[in-house]
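Structure, as structure tokens:
Predicted model, so just to flag it, every value in this text is computed and none were measured. Both counts, for ligands and for their atoms, begin at 1 and track the order of listing.
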Amino acid sequence: MENWQQTACILCYINCGIEVRQGGEDGRRFERIRGDKAHPASQGYTCQKALRLDHYQNGRHRLTSPLRRRPDGTYEEIDWDTAVAEVAAGIQGVIDRHGGESILYYGAGGQGNHLGGSYLS
Ligand code: SF4
């Protein structure tokens, strides 16, 4: 039996409705993706990018943990708690030295999506 799940494409701000069929050994692959005809706005439409979501989600070059730059320019993986604590300390250091008005947050995802806006919530 096919197991299609309704969701939305997040590659741009339009958020077209899509349906995905997951599979693979760990169940995390998007085996098939199609437009959701029941979505009130997109009504089954997708551009070609949505149909490649498995590539973006599971591509072998995708980062799976935060990276910290070493003094020699290479990177090392660190855990999220460490990354968040170090970034927060860096921001706090700027506030302490120059005041909060010296920080401007700008966030946006690729191709105009709004995922980046949640990173500093
Ligand atoms: S990237 Fe394409 S399919 Fe995805 S939300 Fe934008 S227009 Fe829709």
A side-chain contact here means heavy atoms from C-beta on lying under 4.5 Å apart; do Ile33 and Glu19 qualify? no
For atom 2 (Fe) of ligand 1, decide whether Cys12 has an N, O or S atom at a distance under 2.8 Å. no
Restricting to salt bridge (Lys or Arg N to Asp or Glu O under 4.0 Å), what partner residues turn up for Arg21, sequence neighbours left out? Glu2, Glu31
Which side-chain N or O atoms in residues 79-91 pair as donor and acceptor under 3.5 Å with protein atoms at least two apart or in another chain?
residue : atom : partner : partner atom : Å
Asp79   : OD1  : Asp81   : N            : 3.1
Asp79   : OD1  : Thr82   : N            : 2.8
Asp79   : OD1  : Thr82   : OG1          : 3.1
Asp79   : OD2  : Thr82   : OG1          : 2.9
Glu86   : OE1  : Arg68   : NH1          : 3.1
Glu86   : OE2  : Arg68   : NH1          : 2.3

In terms of heavy-atom contacts, Gly99 and Ser102 come closest through O-OG, 2.5 Å
Measuring to atom 4 (Fe) of ligand 1, does Cys47 have an N/O/S atom at a distance below 2.8 Å? no
Within ligand 1, which atoms have a heavy atom of Ala50 less than 4.0 Å away? 3 (S)
Just heavy atoms, cut-off under 4.0 Å: does Asn15 contact ligand 1 by side chain, backbone, both, or neither? backbone
Answer yes or no as to whether an N/O/S atom of Cys16 is found below 2.8 Å from atom 8 (Fe) of ligand 1. yes
So which heavy atom on Arg28 is nearest to which on Asn58, and how close? O-ND2, 3.1 Å
For Leu11, counting its heavy atoms only, list the atoms of ligand 1 lying under 4.0 Å from any of them. 1 (S)
